[in-house]
Amino acid sequence: MTMNETEMNRMVSESVTRYLKRSGAEAFKPAAALIDMDGTLLDSMKGHTQAWERMVSEIGIPCTRDEFYLYEGMTGAETINMLFKRAFGREATAQEKTELYARKTGYFNELPRVGIVPGADRVIAELISKGITRVLVTGSGQLSSLERLDSDFPGGFDHKLRITSHNVEHCKPHPEPYLKAMQLAGVEPWESIALENAPLGVKSASDAGAFTIAVTTGPIPEEEMWKAGADMVLPSMERLAELLPALLAR
Ligand code: MG
């Protein structure tokens, strides 16, 4: 179902009002888009949750596949550490974190290559055409995913404008990844639109002061995104592609 122009304009204006009230910003003038990768650009979350469940079960930690949707945004090392504390009552060693994340990455790479999230290409093309700077903001350090962005989104993501697990001390939900992305783009929070699909990422972006759009591309319900601090929640990147011209016209 598509929205008509009046509905879109109303939704945009309500969201911006909500954002200004929450953030205390005086204006919202989008100049940069700070964009998460897994589940937002790449339709990779089913594969990631499958690979996590396989690796974590193998090492004797009881888990469910869906719980890994909730950890999305954390780095692999942080996720492993959290599971170790839960199951074994101790931190994982640096070596365990490295080895187990490599094993999980290997399992992910064995799966068939995933597609892009439907509509993500239209969103990126619209941002490029309107002169909006794009910065990638991912907790991932997975090369197979990072390297394919050039062919999936030609001209979309400058290699100098990427925040990955290698550039931050604190991962999402800490605001650092999004604050660093704003610095890279040379923009203020009220000039930033963040695109996310996971509650931890939404919290990170929202606390950093960006106008935060959550896209529910996985099983996580809309309310979790509102609770995490989203300013707008949309059912798909396709819907965002429809709405974006109205949002950028502000
Ligand atoms: Mg994500």
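Residues: numbered from 1 along the sequence shown. For ligands, and for the atoms within them, numbers begin at 1 and follow the listed sequence.
The atom of E72 that is an N, O or S and sits closest to the Mg ion (ligand 1) is OE2. For D38, the N, O or S atom closest to the Mg ion (ligand 1) goes by the atom name O. When the Mg ion (ligand 1) is compared with the N/O/S atoms of D36, atom OD2 turns out nearest.
Taking backbone and side-chain atoms together, E196 has no N/O/S atom less than 2.8 Å away from the Mg ion (ligand 1). In summary, T138 places no N/O/S atom under 2.8 Å from the Mg ion (ligand 1), failing the contact criterion.
Of the residues T164, I163, V168, the one that meets the side chain to side chain contact (heavy atoms under 4.5 Å, CB included) test with H166 is T164.
We find the CZ-SG distance between F68 and C63 to be 4.0 Å, quoted to the nearest 0.5 Å.
More than 12 heavy atoms of other shown residues, nucleotides or ligands fall within 6.0 angstrom of atom NZ in K130.
Salt-bridge formation is detected for the pair D36/K172: a Lys NZ or Arg NE/NH1/NH2 atom is positioned less than 4.0 Å from an Asp or Glu carboxylate oxygen.
Proximity of a side-chain donor or acceptor of E99 to a complementary backbone N or O of E96 within less than 3.5 Å is not detected.
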